Protein chains: 2
Amino acid sequence: MTVPTGRRERKKAATRQKIADTALRLFLERGYEAVGIREVAAEADVAVTTVFAHFAAKEALVFERDGDFEQRLTEAVTGPAGREGLVPALKAEILAQVRHCTAEGAAPIWQMIDDSPALREYEASMRERHAESLAAAIAAGPGRDRSATAGRTLARFAVEAFALAREAADPEAAVDEVFRMIEAAWEAAGPSGS
Amino acid sequence: MTVPTGRRERKKAATRQKIADTALRLFLERGYEAVGIREVAAEADVAVTTVFAHFAAKEALVFERDGDFEQRLTEAVTGPAGREGLVPALKAEILAQVRHCTAEGAAPIWQMIDDSPALREYEASMRERHAESLAAAIAAGPGRDRSATAGRTLARFAVEAFALAREAADPEAAVDEVFRMIEAAWEAAGPSGS
DNA sequence: AACGTAACACTAACGGATAGGGTTTTGTAG
DNA sequence: CTACAAAACCCTATCCGTTAGTGTTACGTT
């Protein structure tokens, strides 16, 4: 084991990035459903099977950074901020993600997602995954004094807050409003003895 | 316009039911993914195109009564009970649906759903649809004194309560617990002026 | 220098979904 | 009673996402 980042890993990452970039460009140019996988592969100069070696499905080409979002969510809860105040830490992270997704330049991508049933469906199941791993982090960390159901409920509500805010006219204000409700819900869950 | 329920409508409904029944039987016998649409069509003695004329997708064969659930949800809110107490009315309806889905005989179906990623994904996007129509009903009816975001949040949380309860060890107790949290969240949303 | 393996390519196929076009059944109006 | 329009259905062919099977190349290791 020489260096941990050999040429092989760099080439693999480059191939993955080239596929994702090519796909996103084609999708934005001509529409998500109008572009086929075979076309993406040809334009990126790889085989179709290589595309699926890097991405589990066509929709995953659009949500390329999915893993980062999931990791940041759980880290917000297990990190120092999460131990101080669970709900405020969650709110801060969701707010950051909402800001990132409503930032300049991201609008066409989310427009495309909203226009495609397949992408909306994929995003919904993605949120379910995020909620599950977030629930595990809450149960293992700062949510130990609540019931399992309460923790899982908080996790679901938090990821739904993201979706609700993204659809709202004023996303950042919506994060405030929804998290006021979540805070109250978490209070009402009370300590586990309740 | 003689009678509103002519032979044509009855035959159509019969065909639809026969397809759904055949599909569910085959799915339970040999597994959802192991049975193809062509097979369902052959066994039901119809053409493949006819299957898709009645059901938008393969997954819809499993969630045949989807429309009923959605309608009952909105009616719980727009009906007399909804005007008395919005959240209690929602809770009662969700509890009824949870009871229905955990009743004797339904277990194998939900086991099959939990085992199939495609069905789980479809269910997630179904809930999103339910939440949207529920949000519309709330906004038009008893939720007029709250903000649009608050109403949409309540709608999402209510349909998530169903999913959370179904996954819990004690579904009915989970409905209680989650709706205590939802009630607090709805209180915190306050009247629109807040 | 030789070997094991990870990354990739090619071919072929499977299964869900749809379009095009034709046939029967049903409701209705003349 | 008949004629007609539309609904429901069938058949065929095809597209598209996805995967299996089978090599081939290039990298890392020994």
Side-chain angles (χ1 to χ4, degrees), chain A residues 1-20 22-24 26-27 30-64 112 116-123 125, chain B residues 1-20 22-24 26-27 30-64 112 116-123 125:
Chain A
M1 51 172 106
T2 44
V3 269
T5 66
R7 176 164 23 208
R8 184 174 264 172
E9 294 182 38
R10 267 183 290 119
K11 281 202 173 184
K12 180 174 182 178
T15 299
R16 181 194 158 92
Q17 200 57 45
K18 185 177 185 184
I19 294 171
T22 303
L24 195 57
L26 292 180
F27 291 160
R30 323 215 314 270
Y32 174 75
E33 352 238 31
V35 179
I37 283 286
R38 290 163 175 85
E39 208 168 343
V40 171
E43 184 84 6
D45 200 32
V46 296
V48 170
T49 46
T50 300
V51 174
F52 285 105
H54 286 274
F55 301 93
K58 185 190 182 188
E59 295 91 46
L61 288 165
V62 173
F63 298 101
E64 191 220 343
M112 172 180 80
S116 160
L119 288 175
R120 288 188 66 90
E121 183 164 348
Y122 188 84
E123 199 210 340
S125 73
Chain B
M1 52 171 108
T2 45
V3 270
T5 66
R7 175 165 26 208
R8 182 176 263 173
E9 295 182 37
R10 269 183 289 117
K11 280 203 172 182
K12 182 174 180 177
T15 301
R16 180 194 158 93
Q17 202 57 44
K18 184 176 184 184
I19 294 171
T22 303
L24 196 56
L26 292 180
F27 291 161
R30 321 214 315 271
Y32 175 74
E33 353 237 32
V35 178
I37 283 287
R38 290 162 176 87
E39 210 167 342
V40 171
E43 184 84 6
D45 201 31
V46 297
V48 171
T49 46
T50 301
V51 174
F52 285 106
H54 286 275
F55 301 92
K58 185 191 181 188
E59 295 91 46
L61 288 165
V62 174
F63 298 101
E64 190 220 342
M112 173 180 80
S116 159
L119 288 175
R120 288 189 65 89
E121 185 165 345
Y122 188 85
E123 198 209 342
S125 73

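Here is how names work: the chains are called A, B, and so on, in the same order as the sequence lines, proteins then strands, and each is numbered from 1. Small disclaimer: the values here were computed from a predicted structure and weren't measured.
Each of B:Lys11 and B:Val48 lies near DNA chain C, and the nucleotide nearest B:Val48 is the one positioned closer to the 5' end.
The distance from atom CD of A:Glu9 to atom P of C:dT5 is 17 Å, rounded to the nearest whole Å. Computed from coordinates, the A:Arg10 CZ to D:dG28 C1' distance equals 13 Å when rounded to whole Å. Rounded to an integer number of Å, the gap from B:Arg7 CZ to C:dT24 C1' is 14 Å. When the P atom of D:dC27 is taken as reference, atom CZ of A:Arg8 falls 8 Å away, rounded to whole Å. Per the geometry, CD belonging to A:Glu121 stands 10 Å off P belonging to C:dA17, to the nearest Å.
Heavy-atom distances under 4.0 Å link DNA chain C to B:Thr49, B:Phe52, B:Ala57, B:Lys58 of residues 49-62 of chain B, given in residue order. Looking at residues 31-39 of chain B, you'll see B:Val35, B:Gly36, B:Ile37, B:Arg38 sit with a heavy atom under 4.0 Å from some atom of DNA chain C.
Side-chain atoms of B:Ala47 lie closest to D:dC11 of the nucleotides D:dA8, C:dA6, D:dC11.
Here B:Glu39 contributes atom CD and B:Thr22 contributes atom OG1; the two are 11.5 Å apart, rounded to the nearest 0.5 Å. The CD1 atom of B:Ile19 sits 9.5 Å away from atom CD1 of B:Ile37, with the distance rounded to the nearest 0.5 Å. For the atom pair CD (A:Glu59) and OG (A:Ser116), the distance works out to 7.5 Å, reported to the nearest 0.5 Å.
For the side chain to side chain contact (heavy atoms under 4.5 Å, CB included) criterion with B:His54, the lone passing option out of B:Glu64, B:Arg16, B:Lys18 is B:Arg16.
OP1 and OP2 of D:dA8 both lie 4.0 Å or more from every side-chain N or O belonging to B:Thr15.
Side-chain atoms of A:Thr15 come within 3.5 Å of backbone N or O of A:Lys11 as a donor-acceptor pair. Not one N or O on the side chain of B:Thr50 forms a donor-acceptor pair closer than 3.5 Å with the backbone of B:Val46.
The two atoms that bring B:Tyr122 and B:Ala60 nearest to each other are OH-CB, 3.4 Å, heavy atoms only. Between A:Glu43 and A:Leu26, the shortest heavy-atom contact is CB-CD1, 3.9 Å.
Aromatic ring pairs are classed by plane angle as parallel below 30°, tilted from 30° to 60° and perpendicular above 60°; the pair A:Phe27 and A:Tyr32 is perpendicular.
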